[in-house]
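In what follows, chains carry the letters A, B, and so on, assigned in the order in which the sequence lines appear, proteins first and then strands, with residues in each chain numbered from 1.
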Amino acid sequence: MRLTRYFLPVLKENPAEAQIVSHRYMLRAGMIRQQAAGIYSWLPLGYRVLRRIEAIVHEEQGRAGHIPVLMPTLQPADLWRESGRYDAYGPEMLRLKDRHERELLYGPTNEEMITDIFRAHVSSYRDLPLTLYHIQWKFRDEMRPRFGVMRGREFLMKDGYNFDIDREAALHAYNRHMVSYLRSYERMGLTAIPMRAASGPIGGDDTHEFLVLAQTGESEVFYDDRVTALKLGARAIDYDDRAQVAAVCAEFTALYARTDETHDPAAFAAIPEARRKVGRGIEVGQIFYFATKYSEPMGAVVVNEKGERVPVHMGSHGIGVSRLVGAIIEASHDERGIVWPLEVAPFPVGIVNLKQGDGAADAACAGLYAALAARGIEALYDDRDERAGAKFATMDLIGLPWRITVGPRGLAAGKVELTSRRTGESEEMSPEAAVTRVAALCGGRAG
RNA sequence: CGGAGUGUGGCGCAGCCUGGUAGCGCACCUGCUUCGGGAGCAGGGGGCCGGAGGUUCGAAUCCUCUCACUCCGACCA
């Protein structure tokens, strides 16, 4: 993408309303625009990141055997009366009426609707297990939205719902979600720690939250420092292997890690003092097993092997997709701007032409751009007629992982410069070598 | 929902107390000079001052109502 043909409305100054770093940088980097309290438009750069996060979630859910669907944002009130939540849910739920005075609501979650879909089409244990998920916009009319997309009223969520014949099968689904979530976060460059949580309005017995450590987190967290070193890495996971999936979950939940809601001071005190950590975390996902809480009142039953009608065991499992954009920035930035992890970066590499209009520089940049494109790498080429300082400042702000700097001085020696946004380290090399190197560095990234 | 604030051009702000018809920086447009870390000079365009009433010869400024947004708290992915 050539910057002169793109839409990247960056701000030099800090908008007054932005209190935390992710909100500031998202506004300054032209990623979002607020349209009402807690409601945002996603501008091209922000939308790219959002779509990349979405793509990772889709891929990892697919690997776990979970099936995508898409449910509407508006739901009929009657469905929620069946579960009793129409009245139980407070003013957080946005209620509205259509022209025929029919009561609707903008979905804050989808347990009722997915259960309705299930009961209409599934009636035998032979069709289980089944896990459906969707990524859709939701609305919760928070009293006080703040921190940009970290706590908006409208937000994009991945929600997964599993349907299983019994508790044991449902817990395997729970475990699949935990592992697939850990893989998703890891791919996004995050360390997200599963912590036993309190169940809240969704209900249920077993539940874990996933917390990204950050000073601006909304929850106080207590943990054994060793949990931060756990990595899935490239290990192969067979999601049908109950024992293996359970073992991975055990590995990641064995060490102490709790939010303030479930904190156990005695257990915490048993950890060696050097490893005992108190910090803050951003919640980026939560998984629940809630047995037959919805299937019983809503009549989601299947016939089992013995011919008996039994309510299915369910769970629901969410990832805050739009919130993750903010969480990643909170976890990865410096004083000059965002530092995107490669997998979620809007572009993997930027090309800075230091002297636009200079024949050699223009030609070298165009050549680099085309050579990268030929290798499937889309660069953001800053071809504006701006001074070097302005171009560097923009690149630093928007945080692309790699930058190729092209100027007459270097070109005279046949060199361009490749710079890492994360480390700031630069290396001079020929344009051809830069293309090869960038291709190698970005090889693992799709797009 | 309690408490505290703020609404003046795309962004950041001044002007309001002490009414006289709007200003600064950034951004934008034109020209010249610059050109490896947010350039300089000159010229230029853009705002019914959140909205509605009221007071007044006259309201961004004073009064009333209203809407929106922000911050602190309680709540929440």
Side-chain angles (χ1 to χ4, degrees), chain A residues 7 9-20 23-24 27-28 30 33-39 43 89-93 108-110 135-159 181 192 197-202 207-212 217-219 259 261 281-288 316-327 336-337 352-358 361 382 384-397 403-412 415-417 419 424 426 428:
Chain A
F7 180 56
V10 299
L11 302 174
K12 196 185 270 191
E13 293 174 85
N14 278 321
E17 75 270 19
Q19 299 299 305
I20 62 169
H23 191 192
R24 273 206 307 276
L27 290 167
R28 285 196 51 206
R33 174 170 176 82
Q34 178 168 314
Q35 307 288 178
I39 299 176
L43 306 184
Y89 230 97
E92 269 196 355
M93 184 155 76
T109 181
N110 291 73
I135 297 179
Q136 178 62 289
W137 291 93
K138 302 185 151 196
F139 194 89
R140 288 185 195 163
D141 199 358
E142 300 284 348
M143 266 179 234
R144 193 182 158 210
R146 62 184 121 173
F147 303 150
V149 300
M150 296 272 290
R151 187 157 163 215
R153 290 193 292 172
E154 187 183 48
F155 53 96
L156 188 63
M157 281 236 5
K158 174 269 174 183
D159 270 293
Y181 281 22
S199 66
I202 312 275
T207 176
H208 280 84
E209 297 181 322
F210 296 81
L211 279 291
V212 172
E218 72 274 45
S219 310
T259 64
E261 292 176 322
I282 300 166
E283 190 188 333
V284 293
Q286 187 160 9
I287 55 178
F288 299 89
S316 71
H317 316 280
I319 290 182
V321 175
S322 51
R323 161 174 267 220
L324 271 166
V325 180
R336 296 201 309 275
V352 170
N353 186 344
L354 293 176
K355 196 170 177 68
Q356 206 68 41
D358 176 272
D382 189 345
R384 294 175 302 167
D385 187 16
E386 286 286 344
R387 298 164 64 86
K391 293 192 176 191
F392 289 142
T394 297
M395 279 294 169
D396 289 344
L397 175 63
R403 183 184 85 204
I404 303 175
T405 309
V406 179
R409 188 192 300 169
L411 283 178
K415 305 283 191 189
V416 297
E417 187 181 63
T419 306
S426 289
E428 294 205 330

Rounded to the nearest angstrom, tell me the gap between atom [atom1] in [X] and atom [atom2] in [N].
{"X": "M395(A)", "N": "G36(B)", "atom1": "CE", "atom2": "P", "result": "17 Å"}
{"X": "D396(A)", "N": "G38(B)", "atom1": "CG", "atom2": "P", "result": "12 Å"}
{"X": "E417(A)", "N": "G37(B)", "atom1": "CD", "atom2": "P", "result": "11 Å"}
{"X": "L156(A)", "N": "A77(B)", "atom1": "CG", "atom2": "P", "result": "17 Å"}

Scoring nucleotides 42-47 of chain B by protein non-hydrogen atoms under 4.0 Å (B base, S sugar-phosphate only, - none) yields ------
Using atom [atom1] of each nucleotide, how far apart are [N] and [M] to the nearest Å?
{"N": "G12(B)", "M": "G50(B)", "atom1": "P", "value": "15 Å"}
{"N": "U18(B)", "M": "C11(B)", "atom1": "P", "value": "31 Å"}
{"N": "U61(B)", "M": "G20(B)", "atom1": "C1'", "value": "11 Å"}
{"N": "G43(B)", "M": "A68(B)", "atom1": "P", "value": "44 Å"}
{"N": "G25(B)", "M": "G40(B)", "atom1": "P", "value": "12 Å"}
{"N": "A60(B)", "M": "G3(B)", "atom1": "C1'", "value": "28 Å"}
{"N": "G10(B)", "M": "C57(B)", "atom1": "P", "value": "35 Å"}
{"N": "G23(B)", "M": "A14(B)", "atom1": "C1'", "value": "7 Å"}

Worksheet item: Which is true for G407(A) with a 4.0 Å heavy-atom rule: it touches a base, it touches only sugar-phosphate, or it touches nothing?
Response: base
When S322(A) and A36(A) are each assigned the nearest nucleotide of RNA chain B, the 5'-most assignment goes to A36(A)
Sorted by position of nearest nucleotide on RNA chain B, 5' first, the leading residue of E283(A) and A393(A) is A393(A)
The nucleotide from A77(B), C71(B), G37(B) with an atom nearest the side chain of R403(A) is G37(B)
Hits for side-chain contact (heavy atoms from CB on, under 4.5 Å) against E261(A), two or more places apart or cross-chain, chain-then-number order -> A198(A), E209(A), T259(A)
E428(A) meets the side-chain contact (heavy atoms from CB on, under 4.5 Å) criterion, sequence neighbours left out, with K415(A)
Here the gap from E92(A) atom CD to R140(A) atom CZ, rounded to the nearest 0.5 Å, amounts to 7.0 Å
Is there a donor in the side chain of Q286(A) and an acceptor in the side chain of T207(A), or the other way round, less than 3.5 Å apart?
yes
Please list each protein N or O that sits under 3.5 Å from an N or O in nucleotides 10-15 of chain B, with the distance.
from: G12(B); atom 1: OP1; to: A16(A); atom 2: N; distance (Å): 3.2

Could you list all N or O pairs between the protein and nucleotides 73-75 of chain B that sit under 3.5 Å apart?
from: A74(B); atom 1: N6; to: R146(A); atom 2: NH2; distance (Å): 3.3
from: C75(B); atom 1: O2; to: R151(A); atom 2: NH2; distance (Å): 3.0
from: C75(B); atom 1: N3; to: R151(A); atom 2: NH1; distance (Å): 3.2
from: C75(B); atom 1: N3; to: R151(A); atom 2: NH2; distance (Å): 2.7
from: C75(B); atom 1: N4; to: R146(A); atom 2: NH2; distance (Å): 2.9
from: C75(B); atom 1: N4; to: R151(A); atom 2: NH1; distance (Å): 3.0

Going by 5.5 Å between centroids and 30° between planes, is there a stack of F392(A) over G38(B)?
no
Considering only nitrogen or oxygen atoms on both sides, find all protein atoms under 3.5 Å from nucleotides 28-35 of chain B and state each distance.
from: U34(B); atom 1: O2; to: R387(A); atom 2: NH1; distance (Å): 2.7

Keeping R151(A) on the side-chain end and P145(A) on the backbone end, is there a donor-acceptor pair under 3.5 Å? no
